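Structure first, commentary second.
Order of the sequence lines fixes the chain letters, A, B, ..., with proteins taken first and strands second; residue numbering starts at 1 for each chain. Remember, it's a predicted structure, so these values are computed and weren't measured experimentally.
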Amino acid sequence: MKYAPTITTLLEALRHAGGVSDMAYRGAAGAASGGVRVAFGARLEGDRLADLRFSAYGCPHTIAVAEWWCRRVTGLPVSALPMWDNRRIADELGVPEGKLTRLLVIEDAWSALMHEWRSARGTE
Amino acid sequence: MFGLPDIRPVYLDYAATTPVAPEAAAAMADCLSPDGPFGNPSSRSHAFGRRAADVVEAARADVAAAIGAAPGDVVFCSGATEADNLAILGAARYRRDRGRHVITSRTEHKAVIDSFRALERAGFEVTWLVPDASGRVSPDQLDAALRDDTTLVSLMWVNNETGVIHDVAALGEIVRARGAIFHVDAAQALGKLPVDVAALPVDLVSLSAHKCYGPKGVGALWLSPRDGVNVEPVLFGGGQERGLRPGTAPTHQAAGFGAAARLVRARLDADLEQAAALGARLADGLLAVPGVSLNGDPVARVPHIVNVSVDGVEGESLLAAMQPVALSTGSACTSLSAEPSFVLRALGRSDQLAQSSLRFSLGRGTTEGDVDLATARFREAVARLREIAAEAAEPAA
């Protein structure tokens with residue numbers, strides 16, 4: 001399969017892969033038996049997302065998008081975190097139509113992580 | 001990709017296709033030159049046509065010699081897919097007055113499976129044999145499936161995904177004893193093991209040129225001269241190729257196939273020796289990685305194909321991480337759906353293991369250096385992807 005340059009560039013430097021279990025908050029979704037499983041781990045400093053790490057069993061698009069999301073949101077105030085927009089992410093990164101369900105799993109893992117920290121902080 | 005070091009490209013996908021041998025390319029170029037045999041091989045009324053016909057007939061003789069057959073029993077067509085269609089649809093229809101039960105296996109090439117599905121839609125009853133975990137249909141299993149109204153059995157000689165070899169002699173004896181026709185898809189067999197159709201109880205054999213260093217776009221069907229072996233044509237429009245494959249014979253394609261077939265005969269021992277040594281080296285290297293298992297029978301397989309499943313690694317990422325080593329994944333579709341290989345699923349592999357499988361296939365151009373480079377990249381790729389996935393592991397149930 002030919003991958004978009006944005007995807008291959010991300011895959012060359014997976015700066016946020018690993019370290020999930022060292023993070024205070026964690027969320028995961030998917031199943032390896034279904035071909036995709038993603039976990040996120042986050043460290044918050046006050047209202048700021050200080051660090052976001054991921055681990056993924058999945059196709060190159062899955063791994064690249066998880067890395068991209070970590071880069072996109074790390075350092076932002078929690079109140080300013082962007083909404084996950086499957087279609088927009090796919091268009092921006094060159095993820096083919098047939099892979100959109102993989103992005104939904106990443107979104108679910110991200111949602112699980114946010115639920116975890118909101119529950120812990122009593123904001124949900 | 002995945003931060004792995006750059007390496008030189010290595011081609012280990014010879015089961016998908018082989019490069020055209022220089023001898024075959026030269027034979028084709030001769031045909032395509034302005035003063036070559038450009039005439040229509042069917043135009044025997046003039047010298048131009050007869051010259052082209054001579055080239056086609058010489059090629060037919062070369063292909064026949066490579067499988068121990070008489071030239072007149074070889075029909076050229078566009079490839080093994082067409083040969084499979086002609087054999088299966090043609091034989092079933094030719095013998096439909098004797099019965100409408102036919103037999104094949106779940107691990108055949110798509111060309112065979114889809115031909116049998118077409119027969120099912122046309123009212124034939126198909127028995128789909130499921131091979132054992134080694135990938136083989138046993139003679140007892142076939143014997144139990146045969147009925148008085150069975151007219152056709154089709155089983156491949158060498159499986160294109162796993163390299164597993166069917167015991168064609170034993171299977172064919174059973175088919176013949178029950179009065180059915182035995183078709184064998186030998187697309188992956190020619191050039192990978194000795195093929196002598198005259199010494200075997202087989203009736204129809206499909207061949208492909210591009211799997212044995214010939215050009216794409218040409219293949220052949222061998223029909224046994226035995227009484228009762230015949231097929232109805234599936235294409236119409238001319239009397240060429242015994243009326244079974246109408247259309248002007250492609251002189252240059254036939255010449256290329258003929259030259260490749262000559263090389264198969266001349267080089268078979270050397271090719272097998274090379275493949276045995278390199279295939280064992282490759283399998284040893286791959287299987288030394290923890291969580292890696294061989295798909296298919298460890299003994300009854302050609303050494304050219306080594307198919308492994310890798311635990312804890314996603315198949316498409318593994319294939320991408322192996323770049324620039326050219327391989328095939330175990331997925332039936334390597335693009336978007338990443339559907340697990342139906343062949344490996346039929347052997348009892350889980351969806352996950354079937355999806356995370358790789359087929360390495362070796363050929364004449366493969367060197368020890370290629371094998372070692374591919375093995376090293378495999379070790380690195382598996383380790384890196386397991387590292388990326390490690391913390392996403394699901395909690396134990």
Side-chain angles (χ1 to χ4, degrees), chain A residues 1-5 7-23 26-42 53-67 70 90 95-102 105-106 108-109 112-113, chain B residues 1-6 13 291 309-324 326-341 344-345 349-358 380-397:
Chain A
M1 175 165 218
K2 189 166 169 56
Y3 300 99
I7 296 294
T8 54
T9 302
L10 285 161
L11 291 173
E12 279 308 322
L14 298 169
R15 299 197 296 265
H16 296 85
V20 170
S21 38
D22 299 333
M23 299 289 114
R26 293 184 289 276
S33 58
V36 56
R37 168 90 177 161
V38 177
F40 283 113
R53 316 290 300 181
F54 80 94
S55 178
Y57 174 101
C59 69
H61 290 105
T62 302
I63 294 170
V65 171
E67 168 66 25
C70 290
V95 177
E97 187 78 22
K99 290 287 187 71
L100 291 182
T101 54
R102 313 287 176 106
V105 175
I106 307 174
D108 285 348
L113 172 70
Chain B
M1 212 177 278
F2 301 105
L4 298 173
D6 289 339
D13 204 15
S309 282
V310 188
D311 195 24
V313 171
E314 196 272 342
E316 187 189 328
S317 281
L318 181 57
L319 191 68
M322 286 297 296
Q323 297 298 318
L327 302 167
S328 285
T329 177
S331 301
C333 170
T334 58
S335 55
L336 300 181
S337 69
E339 178 189 340
S341 157
L344 300 183
R345 291 290 293 117
R349 291 292 190 190
S350 67
D351 277 351
Q352 192 177 347
L353 280 179
Q355 200 272 343
S356 64
S357 65
L358 288 179
E380 292 168 345
V382 170
R384 179 66 179 132
L385 292 173
R386 283 179 176 162
E387 185 179 61
I388 292 169
E391 293 170 284
E394 290 147 86

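- With hydrogens and angles disregarded, no donor-acceptor distance shorter than 3.5 Å links the side chain of A:S55 to the backbone of A:G18.
- Contact annotation for B:A321: neither backbone nor side-chain heavy atoms come within less than 4.5 Å of a heavy atom of chain A.
- Interface residue A:Y3: only side-chain heavy atoms are found under 4.5 Å from chain B.
- For A:R37 (side chain) and B:A392 (main-chain N/O), a donor-acceptor pair under 3.5 Å exists by modelled atom type.
- When each of A:A109, A:G41, A:A56 is scored by its heavy-atom pairs under 4.5 Å with chain B, the top score falls to A:A56.
- Comparing A:L11, A:I63, A:T8 by heavy-atom pairs within less than 4.5 Å of chain B, the highest count is held by A:L11.
- Both the backbone and the side chain of A:A31 come within contact range of chain B, each with at least one heavy atom under 4.5 Å from a heavy atom of that chain.
- Your options are A:A32, A:S33, A:A28, and the one with the most heavy-atom pairs under 4.5 Å with chain B is A:A32.
- For the set B:E391, B:E387, B:Q352, the entry with the most heavy-atom pairs within less than 4.5 Å of chain A is B:E391.
- The candidate from A:G58, A:A39, A:A66 with the greatest count of non-hydrogen atom pairs under 4.5 Å with chain B is A:G58.
- Of the charged side-chain nitrogens involved, at least one lies within less than 4.0 Å of a carboxylate oxygen, so that A:K99 and B:E316 count as a salt-bridged pair.
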Assess whether side-chain contact (heavy atoms from CB on, under 4.5 Å) is satisfied between B:L319 and A:M1, documenting all intermediate values.
CA-CA 9 Å; B:L319 191 68; A:M1 175 165 218; over 6 Å; no
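- Checked by atom type and distance alone, the side chain of A:E67 pairs as donor or acceptor with a backbone atom of A:H16 at under 3.5 Å.
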Does the side-chain contact (heavy atoms from CB on, under 4.5 Å) test come out yes or no for A:Y57 and B:L385, once each step is laid out?
CA-CA 8 Å; A:Y57 174 101; B:L385 292 173; over 6 Å; no
